[in-house]
**Student:** 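The structure follows.
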Amino acid sequence: MSSNSIGSLELKNADLSEAHHHKLVEFENKFRDPDDNEKLSSKVCHGVLKRIKAYNLKTSCLHLFPIVKTLQGYNLKEDLANDVIAGVTAGVMMIPQGMAFAALSTLPPIVGLYISFFASLTYFLLGTGKQLSWGCIAILSLMMASILDKYDETVAKGGVDTCINGTEISSQLTSVSFLERENSSMVLNFSSISHQPTSTLQPEISRDVMSKRLEVAGAVSVVAGLVLIAASRIGLSRISCLMSNSLITGFTVGISFHVVTSQVKGVLGLSMPRMTGYASIIKTWISIFSKLPETNLATLIISVISMLVIYLVKRFINEKYKKNMRVPIPIELVVVIMATVISTLAEFQKNFSVEVVEEVPMGIPSPKLPDLSLAKDYIGDGIIIIVIAYAQTLAMAKTMGLKHNYVVDSNQEMLACGVVSVVCGLFSGYISASSVSRTVVQDGAGGRTQVASLFASGMVLLVIVVVGRYFYYLPMCVLSSIIIINLRTMFLKLFILPTEWKKSKYDCAVWLFACFSTVILNADMGLLASVLFSLLLIILRSMLTPVVEAGQIHASSASIHLRSVDHYSSAKSTDYLKIIKIKTPLYYVNADIFTSKVFNKTGVDPTSMKKKVPILTVAAPEDDAMKNGGGTTHVKDSSVQTQMLPSDTKGMAGDFTLRVIILDASEVSFIDLMGIQALEFVINEYSSVGVKVLMTSVSENVIAMLQSTGFWKKNGDILFLSVESALASFTNIQPS
């Protein structure tokens with residue numbers, strides 16, 4: 001037999017058997033740099049001094065405001081025309097969508113225009129995504145509505161005192177229709193205050209309640225934004241990694257069910273309370289079906305016509321001919337304008353009781369720092385919302401960056417997202433993010449840089465300052481129709497589930513769980529449950545397959561690879577030498593499973609074998625008991641009995657031929673104390689029955705733990721650089 005082979009196992013390189021540093025300990029002692037024993041305080045001081053010396057004001061400003069670098073390389077002839085067209089196109093879409101999504105948040109529709117303007121303008125200065133279109137998002141709006149619902153419940157229970165001219169009005173809030181929001185809007189119906197006739201006080205109550213709710217939304221946005229800004233400065237931009245693409249997609253689809261459900265009553269013209277708590281979506285549908293006879297036919301007809309027109313134009317014109325159309329037809333804006341004109345002329349509000357937007361404030365709101373104490377009960381909800389906003393924005397920015405070959409700074413994107421939230425909170429808005437649909441449109445229209453966002457915000461500003469007042473008679477059901485049609489693409493993702501299941505069952509399971517948990521538990525708890533479920537799956541995967549038995553595959557005369565014998569029938573292994581690949585981190589979760597799996601894969605369980613071995617009992621004098629360091633002693637009366645394993649382990653190993661086990665630790669990214677104990681247990685147990693255990697390919701991350709626990713010093717002679725090195729050291733071992 002060749003000296004470079006062990007039974008049916010061969011070495012890749014004959015020189016490995018003579019390599020001087022095939023032992024891991026020898027290699028580390030020669031090549032590893034000495035550990036840095038500098039104190040932590042000294043390291044911090046040196047780090048701070050290094051940053052101060054390296055600080056450059058110009059570089060810092062360029063990094064803080066990416067638009068400066070963009071403008072330095074801006075080509076007026078090639079870029080400006082494209083940015084103008086793309087910006088105007090996105091701005092036209094922002095107007096109806098912003099109003100619709102703001103109504104979804106249970107705030108006035110004009111708030112959506114404020115958000116679209118200030119978010120686009122702020123991101124223009126701070127963002128690194130050149131094609132992103134910012135503004136109101138349906139998912140975030142619905143989640144903000146849930147915060148305002150909690151605030152409303154607190155007010156209704158007397159938890160907040162609201163006074164006007166010294167008169168307490170909190171007792172009236174339960175009957176004001178903002179708690180019975182029709183179409184999820186904040187257009188109040190003062191006739192619902194049964195105990196008080198219509199008077200001049202009621203509009204004041206309306207304005208005060210609305211102002212307070214706006215302040216709550218603003219306070220939550222400012223606090224959440226400040227948290228995100230702080231996180232960006234200490235490098236926590238990878239927090240979004242806790243949410244996989246499958247989780248985010250399932251979550252957004254689940255939220256879409258809530259959004260559509262909240263708009264159905266607006267489409268039907270029903271007046272009904274907004275359901276909250278777990279299974280609110282089920283309770284809402286039960287209430288809708290019970291009130292179907294009360295449907296406002298005029299509202300239903302307007303809604304159906306609006307949805308049909310928007311869907312047909314988007315589906316059969318914009319999507320079908322998008323390659324031939326640089327700018328899609330702004331059908332949503334067309335429908336909004338036509339519906340407003342017809343509603344005004346036909347007096348829908350007066351003649352058919354169709355709910356309309358009513359008064360739209362003119363001009364830009366003055367900046368105001370909200371009372372941040374109002375956010376103390378909703379900080380957790382706000383952080384969840386802004387993390388979702390950041391995750392969606394970063395995903396879109398990276399998508400566009402890959403498409404157009406530019407680098408996206410995740411920390412800068414986190415900073416931009418936080419600053420946008422703070423600015424919107426100061427100007428009567430709430431948390432916003434990049435819109436997927438508008439970003440795709442802006443990119444398709446030829447948007448080259450962030451300058452497109454400047455023109456988009458200009459279009460919105462024009463509506464806020466000049467055109468806004470003309471939307472007084474815009475039917476609210478039209479805004480509901482716009483929301484429902486825009487969610488069509490979300491529901492189409494349900495049809496890709498069979499494909500996702502074929503690609504990855506684990507990811508598909510996360511997708512489904514995120515969707516159903518969000519539908520049943522609502523947004524905040526659904527997201528938390530989804531993150532925990534995805535983490536649980538990771539733990540379960542490390543428990544189910546911690547090890548595999550590997551064999552050699554001869555891909556060519558000079559190429560030998562290790563693969564699992566369970567999936568590769570051509571993988572060669574021997575009865576007396578087993579190669580076990582550890583496929584996961586080795587820690588407290590799978591430590592016990594690791595030992596049992598190793599015993600199972602090798603076919604030799606030393607613990608079971610030792611139980612079957614006859615025990616030699618030796619009587620020992622009492623004065624020798626303290627000297628007995630081997631075996632287990634049992635004291636009975638005045639005599640000492642010592643139980644010892646037979647010294648000839650070959651007699652015990654007579655039923656099997658296994659002599660060497662090689663543990664390949666190349667895929668072990670980390671290990672804890674229980675993992676170390678599991679390794680020592682396996683080594684000691686096999687050693688007791690005459691089987692040698694070797695360990696190879698230990699990663700640098702694991703070495704420090706081996707050294708600190710004493711494993712390195714105790715078992716250094718069995719640690720090798722690679723499987724080939726371990727095999728080379730045992731070329732003289734042959735089965736007996």
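Bear in mind the structure is a predicted one, so any value in this text is a computation, not a measurement.
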**Student:** Before accepting this row, confirm whether a basic side-chain N of the pair Arg438/Glu332 lies closer than 4.0 Å to the acidic partner's carboxylate O.
**Tutor:** no
**Student:** Should the ring pair Tyr311 and Phe316 be called parallel, tilted or perpendicular, given that the plane angle runs from 0 to 90° and is split at 30 and 60?
**Tutor:** perpendicular
**Student:** Give a yes-or-no answer on whether the side chains of Thr284 and Thr261 include a donor-acceptor pair shorter than 3.5 Å.
**Tutor:**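 Not at all, the side chains of Thr284 and Thr261 share no donor-acceptor pair under 3.5 Å.
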**Student:** What orientation do Trp285 and Phe289 show, parallel under 30°, tilted 30 to 60°, or perpendicular over 60°?
**Tutor:**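 Tilted: the ring planes of Trp285 and Phe289 meet at 30° to 60°.
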**Student:** Within the 3.5 Å criterion, strictly below it, is a donor on Tyr430 or Ser141 matched to an acceptor on the partner's side chain?
**Tutor:** yes
**Student:** Return yes when atom CZ of Phe495 has more than 12 non-hydrogen atoms of other residues, nucleotides or ligands closer than 6.0 Å, and no otherwise.
**Tutor:** no
**Student:** Verify the neighbour count for atom CE of Met338: are there more than 12 heavy atoms of other residues, nucleotides or ligands below 6.0 Å?
**Tutor:** no
**Student:** How about CD on Glu359, more than 12 heavy atoms from neighbouring residues, nucleotides or ligands closer than 6.0 Å, or not?
**Tutor:**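 Atom CD in Glu359 is not crowded, with 12 or fewer foreign heavy atoms closer than 6.0 Å.
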**Student:** Are the side chains of Val356 and Leu474 in touch, meaning some heavy atoms are under 4.5 Å apart?
**Tutor:**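 Side-chain contact under 4.5 Å: no.
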**Student:** Using 30° and 60° as the class boundaries, would you call the ring planes of Phe491 and Phe257 parallel, tilted or perpendicular?
**Tutor:**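 It falls in the perpendicular class, over 60°.
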**Student:** Please report the shortest heavy-atom distance between Val531 and Ser534, naming the atom on each side.
**Tutor:** O-OG, 2.7 Å
**Student:** Is there a donor-acceptor contact under 3.5 Å from the side chain of Thr252 to the main chain of Thr249?
**Tutor:**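 A pair under 3.5 Å: yes.
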**Student:** How about Lys291: does its NZ atom have over 12 heavy atoms from other parts shown lying under 6.0 Å from it?
**Tutor:** yes
**Student:** Would you say Ser280 and Asn522 are linked by a side-chain donor-acceptor pair, where the criterion is simply a distance under 3.5 Å?
**Tutor:** yes
